[in-house]
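Each residue takes its place number in the sequence, starting with 1.
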Amino acid sequence: DGKPLALFMEGALADISGKMGFGVLRYSQNPVVCVIDSAHAGKNAEDVTGIPRSCPVVATVDEAHARGSEVFLLGIAPSGGQIPHDWYPAIDRAWELGMTLINGLHDLLGPRYPDPKRVWDIRVEPQGLENNQGRAQHLPAKRVLFIGTDMAIGKMTASLEMWKEARSRGIKAEFVATGQIGITITGSGVPLDAIRVDFASGAIEREMMRYPDAELILVEGQGSLIHPSSTATLPLIRGSVPTHLVLCHRAGQTTLAKVPTIPIPELRGFAKMYEDLAEAQGTFPRPVTVGIALNCGHLDDDASKRAVQELEAETGWPVTDPVRHGTARLLDAIAST
C-alpha cells in the first residue's frame, strides 16, 4: 500500500540469510526508509549489499521509527523459517511504536499481536482451496515455470526480471509469486510451503486462473527435483501446466549447496527430467526449455561474461545473468516457440 518500510536484518545484511530483505531492496515499489543492522550502522545499504538502492543502515527500531518508518519487515530468512527468540525485543518495540509487522516466517506473529490490521503473516494457508482440475492447460497464455538446480539459486530473481522485461515491451504479463519474498514484493501469490499437500497444486491452479486474459504468466519456482527435502516441484508443474521452462543455475556450482554429497547432473538432461515429468507420457502438453538464467552474483563482470559464454557453448541454449544482462534473450526464445 506504499507505506515506508524498515527492514529488520540484524546480523544478516552481508549474509545469504538476508535474502528476504535483498529481494525487497531490489524489487519493492514501497519506499525503504532504512535497514536495521547494528553491525553495519552508519553505512549505506547499497555499499554493503551491492544492490542499487540507497538507504541508511541504523542500529535500532527507535531510529528507524524516528526516520518515518511505518512498517517493520522481517528481512531475514533463517534456516527452518523459525523466529529466533532474540528477535522478539525488536519486534515488541516496533509493535509498541505502532508499526505494522510483516512476517514471512513459519512462526506466526498474529497470535502474539492480535490485530489483523497491523500484522501480515504471509505463510498462512488461504481459505476455500480446492483440488486441482488441470484447468491451467486451457489458458491462452504462455506459461513459464522457473526451475532450479538447487534451493535459493535465483528462480524468483529471474522471474521478476523477466516480468519487468515483458511489461516494458507492452506484453500483458502476470507474475505468480509462490514464496514469502515474491508475495511481499507483489502483494499477492501462493505461500506454497504453508499449504497442505492435497491442496497445493489446486492453490497454484486457482492463482493461474485469475489471469484468463494474460498473454504471459511467469510462475516463480521453488526447490529442485534433486534436492532431498524439496516437495514443491510437482504442485507447481501440475498447477501451472507450463508451456515453457527456464532453468536457473549458479555459475560454477557442481553439488547442492547444503548437501554437497549430491551432485548436480548435466543440465540438458536435468531439464529433460522436468519436461518428461510435466508431460507425463502425453497426458499434458510438453513444455519447452528455452534457456538458462545464470546466477553470477558471486562473480565480477568479466568472470560473469566468461561463465555465460562457456555454458552457452556447453548446452547450446541462450544463457544470461538476469541481473547484469537482463532476460531479453530468454523472452525472445519464449516468443519464438
Counting only N and O atoms by type, is there a donor-acceptor contact under 3.5 Å from the side chain of R143 to the main-chain atoms of V241? yes
Please determine whether a side-chain nitrogen of the Lys or Arg among R286 and D276 lies less than 4.0 Å from a carboxylate oxygen of the Asp or Glu. yes
Test item: T320 side-chain N/O and G326 main-chain N/O as donor-acceptor pair under 3.5 Å: yes
Looking at R196 and E125, would you say the former's side chain and the latter's main chain have a donor-acceptor pair under 3.5 Å? no
Can R93 and D62 be counted as an ion pair, charged N to O under 4.0 angstrom? yes
Inspect the surroundings of CZ in R67 and state if more than 12 heavy atoms from other residues, nucleotides or ligands are less than 6.0 Å away. no
Please examine the side chains of V32 and L73, heavy atoms only from C-beta on, and report whether any two atoms are closer than 4.5 Å. no
Quick one, V144 and L330 - any side-chain contact, counting heavy atoms below 4.5 Å? no
Look up atom CD1 in I102 and atom CG in L5, then write down how far apart they are to the nearest 0.5 Å. 6.0 Å
I'd like to know whether CD1 of I16 has more than 12 heavy-atom contacts from other residues, nucleotides or ligands below 6.0 angstrom. no
Around atom NE2 of H85, are there more than 12 heavy atoms of other residues, nucleotides or ligands at under 6.0 Å? no
Can you tell me if CD on Q253 sees more than 12 non-hydrogen neighbours from other groups inside 6.0 Å? yes
Does R26 pair with E161 as a salt bridge, N-O distance under 4.0 Å? no
Is the closest basic N to carboxylate O distance between E174 and R167 below 4.0 Å? yes
Would you sort out whether R112 and D92 count as a salt bridge (charged side-chain N to carboxylate O under 4.0 Å, His left out), showing the intermediate values? CA-CA 10 Å; R112 184 182 180 101; D92 288 343; 3.1 Å; yes
Any sub-3.5 Å donor-acceptor pair from S69's side-chain atoms to A64's backbone N or O? yes
Relative to the ring of W87, is the ring of F8 parallel (under 30°), tilted (30 to 60°) or perpendicular (over 60°)? perpendicular
Check step by step if side chain to side chain contact (heavy atoms under 4.5 Å, CB included) holds for R324 and C296. CA-CA 8 Å; R324 281 190 174 97; C296 299; 3.5 Å; yes
Is there a continuous path of hydrophobic side-chain contacts, each under 4.5 Å between heavy atoms, that joins I217 to L192? yes
Interatomic distance, S159 atom OG to K164 atom NZ [nearest 0.5 angstrom]: 12.0 Å
Is there a side-chain contact between L109 and W120 in this structure, where contact means two heavy atoms from C-beta onward sitting under 4.5 Å apart? no
Any salt bridge between E46 and R53, counting N to O under 4.0 Å? no
Student check: side-chain heavy atoms of R210 and S188 closer than 4.5 Å: yes
So does K155 pair up with E220, basic N to acidic O under 4.0 Å? no
Nearest 0.5 Å, what's the CG-CG distance between L13 and L7? 9.0 Å
Taking the side chain as every heavy atom from C-beta outward, state whether H244 and L145 have any pair of such atoms under 4.5 Å apart. no
Assigning hydrophobic clusters by single linkage (Ile, Leu, Val, Met, Phe, Trp, Tyr; side-chain heavy-atom cutoff under 4.5 Å), is L97 placed with W95? yes
Can a donor-acceptor pair be found, under 3.5 Å and without considering hydrogens, that links the side chain of T337 to the backbone of A333? yes
Trace of the side chain to side chain contact (heavy atoms under 4.5 Å, CB included) decision for R329 with E312: CA-CA 12 Å; R329 297 180 65 213; E312 280 200 353; 2.3 Å; yes
Is a side-chain donor-acceptor pair under 3.5 Å present for S304 with D321? yes
Distance-minimising heavy-atom pair for G110 and V119: N-CG1, 3.8 Å
Mind checking the CG-CZ spacing from D107 to R123? Nearest 0.5 Å is all I need. 10.0 Å
For the atom pair CE (M162) and CZ (F175), what is the distance rounded to the nearest 0.5 Å? 12.0 Å
Is there a path from M20 to I183 through hydrophobic residues (I, L, V, M, F, W, Y) whose side chains come within less than 4.5 Å of each other? yes
Specify the closest pair of heavy atoms between A271 and W317, including all atoms of both residues, with the distance to one decimal. CB-CH2, 3.6 Å
In terms of side-chain heavy atoms, does E10 have a donor or acceptor partner in S38 at a distance below 3.5 Å? yes
Residue pair I264 / T255, side-chain heavy-atom distance below 4.5 Å: no
Quick one: does E279's side chain have a donor or acceptor within less than 3.5 Å of a partner on P287's backbone? no
Of all the heavy-atom pairs spanning V219 and S240, show the shortest one and how long it is. CG2-CB, 4.0 Å
Is the closest side-chain heavy-atom distance between I122 and N103 below 4.5 Å? no
Checking E215 side chain against K172 main chain: does a donor-acceptor pair fall under 3.5 Å? yes
With hydrophobic residues grouped by side-chain heavy-atom distances under 4.5 Å, do L234 and V190 end up in a single group? yes
Walk me through whether L105 and Q82 qualify under side chain to side chain contact (heavy atoms under 4.5 Å, CB included). CA-CA 6 Å; L105 301 178; Q82 275 77 47; over 6 Å; no
Kindly compute the distance separating NE2 (H65) from CZ (F72), expressed to the nearest 0.5 Å. 12.5 Å
Chi angles and distances behind the salt bridge (charged side-chain N to carboxylate O under 4.0 Å, His left out) call for E275, R268: CA-CA 10 Å; E275 294 169 4; R268 288 198 73 99; over 6 Å; no
Is any side-chain heavy atom of E314 closer than 4.5 Å to one of L311? yes
Under the 3.5 angstrom rule, does the side chain of N30 hit a backbone N or O of K3 as a donor-acceptor pair? yes
Y274 and L225 have their tightest heavy-atom pair at OH-N, 2.9 Å
Which atoms form the tightest heavy-atom contact between A166 and A173, and what is the distance? CB-CB, 3.7 Å
Would you say K142's side chain and I334's backbone share a donor-acceptor pair under 3.5 angstrom? yes
Taking the side chain from S168 and the backbone from E165, do they hold a donor-acceptor pair closer than 3.5 Å? yes
Regarding S17 and D15, is there a side-chain donor-to-acceptor distance under 3.5 Å anywhere? yes
I292 and M273: same hydrophobic cluster, using ILVMFWY side-chain contacts below 4.5 Å? yes
Side-chain donor-acceptor pair under 3.5 Å between Q222 and D193, yes or no? no
Closest heavy-atom pair and its distance - T233, S224: OG1-C, 4.0 Å
Intermediate values then yes/no, side chain to side chain contact (heavy atoms under 4.5 Å, CB included), F22 and M9: CA-CA 10 Å; F22 301 152; M9 301 187 68; 3.6 Å; yes
